[in-house]
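Taking it in order: structure first as structure tokens, then the write-up.
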Protein chains: 2
Amino acid sequence: MSDYTPLSELGEFGLIKRIKEKFELRNASSVKGIGDDAAVLEPQEKQLVVTSDMLLESVHFDLTFCPLKHLGYKAVAVNVSDIAAMNAKPTQITVNIGLGARFTVEAVEELYEGIRLACENYNVDLIGGDTTSSRAGLVISVTAIGEVAKGEAVLRSGAQVNDLVCVTGDLGAAYLGLQVLEREKQAFMANPDMQPELENKQYIVGRQLRPEARMDVVYELKELGIKPTSMIDISDGLASELMHICSQSGVGATVYKDNLPADGQMLETAVEFNLDPITCIMNGGEDYELLFTIPLSDHDKVKNHPDITIIGKITEASEGVNIANKHGQAFPLKAQGWSHF
Amino acid sequence: MSDYTPLSELGEFGLIKRIKEKFELRNASSVKGIGDDAAVLEPQEKQLVVTSDMLLESVHFDLTFCPLKHLGYKAVAVNVSDIAAMNAKPTQITVNIGLGARFTVEAVEELYEGIRLACENYNVDLIGGDTTSSRAGLVISVTAIGEVAKGEAVLRSGAQVNDLVCVTGDLGAAYLGLQVLEREKQAFMANPDMQPELENKQYIVGRQLRPEARMDVVYELKELGIKPTSMIDISDGLASELMHICSQSGVGATVYKDNLPADGQMLETAVEFNLDPITCIMNGGEDYELLFTIPLSDHDKVKNHPDITIIGKITEASEGVNIANKHGQAFPLKAQGWSHF
């Protein structure tokens, strides 16, 4: 352990200085970043969107299988995902971190390297935050700010009857990735000499450990001339998110079981774990894909898009929120969602 | 305990709904608050300032003597204090909270009642955040946003040679309040039947448990036609904050021991604890007063202000940062500051 530097040797100001050196400001609206009582922004005539999410050790992540670099990346990505779901462009983040005494300078730098990579990929500026010790586990709290032209923000509440319901990417993989990681952890604890069996699980494990916010699709929809009528990101599971859109828009919806986008590795693994793949897709969560609705007239613009799948349609509120099979039978959706308490 | 509601009975969405009902939006720039993937702001032509701070149980507060309502208030106030130090007006906050399973709905409501009171006092809108469970202690992470006209933000870096160094209020009391609370906690643990001895300690204990951000002084300086050349809030201690101003402004400073503002209860308690009052003032921290510099020409505007004390002057960098006694002897300042690691 002699190659590692204890945090106490560097101190808080030393740590902040070291972090600051590795981050640059990319956005014109970031007038002043780290280094004063607060950062200064100049959003000009834009509207801003603001979101904040906190990840806690043993609740949201398990350091026995989650590399710190991925965790740093994920903490940013899940917040950018909320910015994407507003149809906005992320511009700034603040990051508060609580670190246990066992953390070395090198470990903290790994974490910030993941944060830096995410800032680079999403073109976001780290403008401030707080680094403190924690008597408990690792705590990461991120606030993300984004910009959107006035009138361009997309809320959950704008879905209209007859709109198409679309999702990006595929669903359920992050949940099954977590099942695999948990299984390997149990096996490792029973026998520390074993090597984790992650062959043919790379995709789903990657979906769990290092999700991406779908900013690419936000930009592509703009290029296609499509403004979604409503949008939400899928953190808790498709069923729960669809219910948010329906209740806030005052509409119903039907999604078609056969249209739900699934990855092959996810399907195989569901069978292996004796889980219903549709349940994993509907309630798995943590996929950080986008669920959105568009006018029927935009159908042709998305029908062949490789990253967008039309999974259903918006109906009258009185019809409820349903999932239909190929025989046309519809069943009311249940949001198992997630309950932390 | 049957009068208390476990959090699991309400669930996360139920809790958010209950919180949301108690908060209203006051600022024109808050277009949409809680309830979507992100809040929407419209700052118009203003610049924004953004700051974020996290409070962790057993590191920043001790629930054995810190009432939840005060804690909620403090979590907002310490962030507003950073906004004040930028010469800005606070407008929005996001609050992320991690709660242990032992928390009841009633306890969470106490915490949010403190947050609500602070929002009311500082005219701030709660626009979002995250409520999650914590396996560790209570975690509160707040991000505050403020508005300032372009060119009106005050940084740490603008102090000029010959400027006056000023502070608001009095210093050292929050630190001694904490010493009293710690002593009473030890006494209580040794003998749970004892009653805490807080007579004649109300002021200093209040300074520790429920500090106020000095927005009043920010508004008064504006009315007096004074724009500080530099400003910082005193969270870590006067010595440490003065050194930040000096190093970022490229100047030195001398403060006069006899000019340092001290409260009588603080002085008495320092003697009682066998502590040097000057050390408590210089390094105690957590007072959340403002330290700022103004041009010498503004001297008459502040000299009789009841909440502002002129404690020294800015010098050439080569003279260093010193504390002088009444005989004119100067000693280099040491920032003991605070080190969490």
Side-chain angles (χ1 to χ4, degrees), chain A residues 7-8 10-12 31-32 35-43 45 47-54 56-60 82-83 85-86 88 92 94-96 98-99 101 127-130 132-137 139 141 143-146 150 153 155-157 231-233 248 339-341, chain B residues 7-8 10-12 31-32 35-43 45 47-54 56-60 82-83 85-86 88 92 94-96 98-99 101 127-130 132-137 139 141 143-146 150 153 155-157 231-233 248 339-341:
Chain A
L7 271 177
S8 53
L10 199 59
E12 200 210 8
V31 176
K32 179 155 183 59
D36 217 292
D37 292 271
V40 181
L41 310 185
E42 196 168 313
E45 71 282 18
Q47 286 193 333
L48 295 189
V49 296
V50 183
T51 183
S52 198
D53 259 310
M54 186 156 68
L56 299 175
E57 190 174 343
S58 319
V59 177
H60 300 96
D82 279 319
I83 301 289
M86 298 299 286
Q92 289 91 15
T94 61
V95 177
N96 292 342
L99 296 162
I127 56 161
D130 194 12
T132 182
S133 69
S134 164
R135 294 282 166 84
V139 180
S141 181
T143 299
I145 297 175
K150 198 173 166 174
L155 304 181
R156 298 174 176 179
S157 53
M231 187 150 57
I232 191 170
D233 77 319
Q248 293 192 35
S339 175
H340 271 163
F341 300 122
Chain B
L7 273 177
S8 53
L10 199 58
E12 200 210 9
V31 177
K32 179 155 183 60
D36 217 290
D37 292 272
V40 181
L41 310 185
E42 196 168 313
E45 72 283 16
Q47 285 192 333
L48 295 188
V49 296
V50 183
T51 183
S52 197
D53 259 310
M54 185 158 68
L56 299 175
E57 188 172 345
S58 319
V59 177
H60 301 96
D82 279 319
I83 301 289
M86 299 299 287
Q92 288 91 14
T94 61
V95 177
N96 292 342
L99 296 161
I127 55 161
D130 193 13
T132 180
S133 69
S134 163
R135 294 282 167 86
V139 179
S141 181
T143 299
I145 296 175
K150 198 174 167 175
L155 304 181
R156 298 174 177 180
S157 53
M231 188 148 58
I232 190 169
D233 76 320
Q248 293 192 36
S339 175
H340 271 162
F341 299 123

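Keep in mind that the numbers below use all heavy atoms, side chains included, and drop hydrogens, waters and symmetry copies.
Residues satisfying the salt bridge (Lys or Arg N to Asp or Glu O under 4.0 Å) criterion with A:Asp36, sequence neighbours excluded, are B:Arg156. Scored by the side chain to side chain contact (heavy atoms under 4.5 Å, CB included) test, A:Ala144 finds A:Thr51, A:Asn79, A:Ile83, A:Ile93 as partners (sequence neighbours excluded).
Using a 4.5 Å cut-off between heavy atoms, A:Ile232 contacts chain B through both its backbone and its side chain. Heavy atoms of A:Ser58 lying under 4.5 Å from chain B belong to its backbone as well as its side chain. Using a 4.5 Å cut-off between heavy atoms, A:Gln92 does not touch chain B at all. At a 4.5 Å heavy-atom cutoff, B:Val95 makes no contact with chain A through either its backbone or its side chain. Contact annotation for A:Ile127: only side-chain heavy atoms (C-beta onward) come within less than 4.5 Å of a heavy atom of chain B.
Annotation: maximal heavy-atom pairing with chain A below 4.5 Å, among B:Thr94, B:Asp233, B:Val139, B:Val40, occurs at B:Val40. Of all the listed residues (B:Ala153, B:Gly128, B:Pro43), the one sharing the greatest number of non-hydrogen pairs under 4.5 Å with chain A is B:Pro43. When each of A:Gln248, A:Glu42, A:Lys32, A:Glu57 is scored by its heavy-atom pairs under 4.5 Å with chain B, the top score falls to A:Glu42. Options A:Asp53, A:Ile145, A:Val49, A:Leu56 differ in how many heavy-atom pairs under 4.5 Å they form with chain B, and the most are formed by A:Asp53. Chosen from B:Val50, B:Leu155, B:Asp82, B:Asp37, the residue pairing most often with chain A at heavy-atom distances under 4.5 Å is B:Asp37.
One finds the NE2 atom of A:His60 at 6.5 Å from the CG atom of B:Asp130 (value rounded to the nearest 0.5 Å). One finds the CG atom of B:Leu48 at 5.5 Å from the CG atom of A:Leu41 (value rounded to the nearest 0.5 Å).
Contact detail for B:Ser141 and A:Met54: the closest heavy-atom pair is CB-SD, 4.2 Å.
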